[in-house]
Amino acid sequence: MTDRILPQLAALAMALSIVLIYRSTEVVNFAQGEMAMLSTFIAWSFLNEFGYWQAFILGIIAAALLGGALERVLGLLSNVAIAWIGALV
């Protein structure tokens, strides 16, 4: 039973995240799929070393840290790019 429900729940979560991003920014952003794939790969890598629940929790923590780091780095880079464009104009 859960073999049929879990993939559908994952697809539902991805669809809901795309709708939420689109409704809030009016931009279609498919980057959630890439982050989800990377987070899943990290959790799968942890699964080779730890049990299921430990890998699950570590995967969530790693995804949150990775997302925060990417937001910080790309946010700073975009601010620098905007400053350079403003200086050139």
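Since the model is a prediction, treat every value here as computed from it, not as a measurement.
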Within this structure, what is the [atom1]-[atom2] distance for the pair [X] and [Y], rounded to the nearest 0.5 Å?
X: Gln8; Y: Ile5; atom1: CD; atom2: CD1; answer: 7.5 Å
X: Arg23; Y: Leu16; atom1: CZ; atom2: CG; answer: 11.0 Å
X: Ile57; Y: Tyr52; atom1: CD1; atom2: OH; answer: 10.0 Å

Treating Ile, Leu, Val, Met, Phe, Trp and Tyr as nodes and any side-chain heavy-atom pair under 4.5 angstrom as an edge, say whether Phe56 and Ile61 lie in one connected cluster.
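Shared cluster, yes.
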
Report whether Leu65 and Leu58 are members of the same hydrophobic cluster (ILVMFWY, side-chain heavy atoms less than 4.5 Å apart, transitive linking).
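No, it is not one cluster - the side chains of Leu65 and Leu58 are not joined through contacts under 4.5 Å.
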
Contacts table for residues 36-49: side-chain donor-acceptor under 3.5 angstrom, sequence neighbours left out:
residue, atom, partner, partner atom, Å
Ser39, OG, Met35, O, 2.8
Thr40, OG1, Ala36, O, 2.7
Ser45, OG, Phe41, O, 3.0

